[in-house]
**Student:** 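One structure, as structure tokens, below. Some questions next.
A quick note: this is a predicted structure, and the numbers were derived from the prediction, not measured. Sequence positions, counted from 1, serve as the residue numbers for this chain. Values below: every heavy atom of this structure, side chains too, minus hydrogens, waters and symmetry copies.
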Amino acid sequence: QVQLVESGGGSVQAGGSLRLSCVFSGYTSGRNLMGWFRQAPGKEREGVASIKMSDGNTLYADSVKGRFSISRDNAKNTVYLQMNSLKPEDTAMYSCAASFVAWSYPNLRGGMYDYWGQGTQVTVSS
């Protein structure tokens, strides 16, 4: 059974940093893409960052480019999201997701992903 578990969320002041982790268990060899998504109350889900597991190719939303960084540790079956220079508008529930489809490039569309974690809350105060 595939399972994704996020951790690392919390409350931080604007300008601060957090690092989110997503541990993947189950059928690990078939993962192609891993992604981080966020959803704030009353807003649509937004793709934040995506990474292709085989070559480390990454993709970021314009809203986080230059501030967030996605990385992977294949030996630990873990994907990270380093978030720097956080802003109040980054406040949301952050979830990681896994895709087993052989997409050629990272993707920020949620419909491309097959499995999802429960999420971890990030709150940024001004």
**Student:** Is there a path from Ile51 to Tyr115 through hydrophobic residues (I, L, V, M, F, W, Y) whose side chains come within less than 4.5 Å of each other?
**Tutor:**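 Ile51 and Tyr115: one cluster.
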**Student:** Show your reasoning for whether side chain to side chain contact (heavy atoms under 4.5 Å, CB included) applies to Leu108 and Tyr60.
**Tutor:** CA-CA 8 Å; Leu108 297 179; Tyr60 296 94; 5.9 Å; no
**Student:** If the condition is salt bridge (charged side-chain N to carboxylate O under 4.0 Å, His left out), which residues does Lys65 pass it with, not counting sequence neighbours?
**Tutor:**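 Asp62.
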**Student:** Quick one: do Val79 and Ile70 satisfy side chain to side chain contact (heavy atoms under 4.5 Å, CB included)? Show the steps, please.
**Tutor:** CA-CA 7 Å; Val79 173; Ile70 188 171; 3.8 Å; yes
**Student:** Where the side chain of Glu6 meets the backbone of Leu20, is there a donor-acceptor pair that is under 3.5 Å apart?
**Tutor:**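 Here the side-chain-to-backbone pair does not exist.
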**Student:** Could you grab the distance from atom CG of Asp90 to atom OG of Ser85, nearest 0.5 Å is fine?
**Tutor:**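 Going from the CG atom of Asp90 to the OG atom of Ser85 covers 9.5 Å.
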**Student:** Can you see which heavy atom on Ser95 is nearest to which on Trp116, and at what distance?
**Tutor:**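 Of all heavy-atom pairs spanning Ser95 and Trp116, the closest is CB-CE3, 4.3 Å.
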**Student:** Please report the C-alpha distance between Gln121 and Thr91 in whole Å, then the side-chain angles of each, then the deciding distance to 0.1 Å, and finally whether the side chain to side chain contact (heavy atoms under 4.5 Å, CB included) criterion is met.
**Tutor:** CA-CA 8 Å; Gln121 177 68 36; Thr91 295; 4.0 Å; yes
**Student:** What's the spacing between Thr123 OG1 and Met93 CE if we round to 0.5 Å?
**Tutor:**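 Separation between the atoms: 8.5 Å.
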**Student:** If you look at every heavy atom in Trp36 and Ser21, which pair is closest and at what distance?
**Tutor:**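 Trp36 and Ser21 have their closest heavy atoms at CH2-O, 3.7 Å.
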**Student:** Show the nearest heavy-atom pair for residues Asn107 and Tyr113, with the distance to one decimal.
**Tutor:**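 Looking at all heavy atoms of both residues, the shortest contact is O-OH, 2.6 Å.
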**Student:** Locate the shortest heavy-atom distance separating Arg31 from Met34; write the atom from each residue and the value.
**Tutor:**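 So the two residues come closest at CD-SD, 3.8 Å.
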**Student:** In sequence, state the C-alpha distance, the side-chain angles, and the governing distance for Val124 and Met83, and then conclude on side chain to side chain contact (heavy atoms under 4.5 Å, CB included).
**Tutor:** CA-CA 11 Å; Val124 184; Met83 305 186 296; over 6 Å; no
**Student:** Parallel, tilted or perpendicular: which describes the rings of Phe68 and Tyr94, with under 30° parallel and over 60° perpendicular?
**Tutor:**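 Aromatic pair Phe68/Tyr94 classed tilted.
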**Student:** Looking only at non-hydrogen atoms, find the nearest pair between Trp103 and Leu33 and report the distance.
**Tutor:**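 Closest heavy-atom pair between Trp103 and Leu33: CD1-CD1, 3.6 Å.
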**Student:** Of the non-hydrogen atoms in Ser63 and Glu46, which two are nearest, and what is the gap between them?
**Tutor:**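 That closest heavy-atom pairing would be OG-OE2, 2.9 Å.
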**Student:** Hey, does Leu59 have a side-chain heavy atom less than 4.5 Å from the side chain of Tyr105?
**Tutor:**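 A side-chain contact is absent here, since even the closest heavy-atom pair is not under 4.5 Å.
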**Student:** Parallel, tilted or perpendicular for Phe24 and Phe100, by the 30°/60° rule?
**Tutor:**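 Tilted, since the angle between the ring planes falls between 30° and 60°.
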**Student:** Are there more than 12 heavy atoms of other residues, nucleotides or ligands under 6.0 Å from atom CD of Gln118?
**Tutor:**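 Atom CD in Gln118 is not packed in, count stays at 12 or less.
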**Student:** Would you find more than 12 non-hydrogen atoms of other residues, nucleotides or ligands less than 6.0 Å from Arg109 atom CZ?
**Tutor:**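 Atom CZ in Arg109 is not packed in, count stays at 12 or less.
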**Student:** Test of understanding: with side-chain contact (heavy atoms from CB on, under 4.5 Å), list the residues that count as partners of Gln82, not counting sequence neighbours.
**Tutor:**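 Only Ser17, Arg19, Ser69, Asn84 meet the side-chain contact (heavy atoms from CB on, under 4.5 Å) criterion with Gln82.
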**Student:** Roughly how far, to the nearest 0.5 Å, is the CE atom of Met53 from the OG atom of Ser99?
**Tutor:**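 The CE atom of Met53 is 11.5 Å from OG of Ser99, to the nearest 0.5 Å.
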**Student:** Quick one: list whatever passes salt bridge (charged side-chain N to carboxylate O under 4.0 Å, His left out) with Arg72, sequence neighbours left out.
**Tutor:**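 Once residues adjacent in sequence are excluded, Arg72 has no partner under the salt bridge (charged side-chain N to carboxylate O under 4.0 Å, His left out) criterion.
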**Student:** Find the distance between CZ (Arg38) and CZ (Arg45) and round it off to the nearest 0.5 Å.
**Tutor:**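 Those atoms lie 13.5 Å apart.
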**Student:** Can a donor-acceptor pair be found, under 3.5 Å and without considering hydrogens, that links the side chain of Asn77 to the backbone of Ser25?
**Tutor:**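 Side chain of Asn77 to backbone of Ser25, a donor-acceptor pair under 3.5 Å: no, none is there.
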**Student:** Any sub-3.5 Å donor-acceptor pair from Thr120's side-chain atoms to Gly9's backbone N or O?
**Tutor:**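 Yes.
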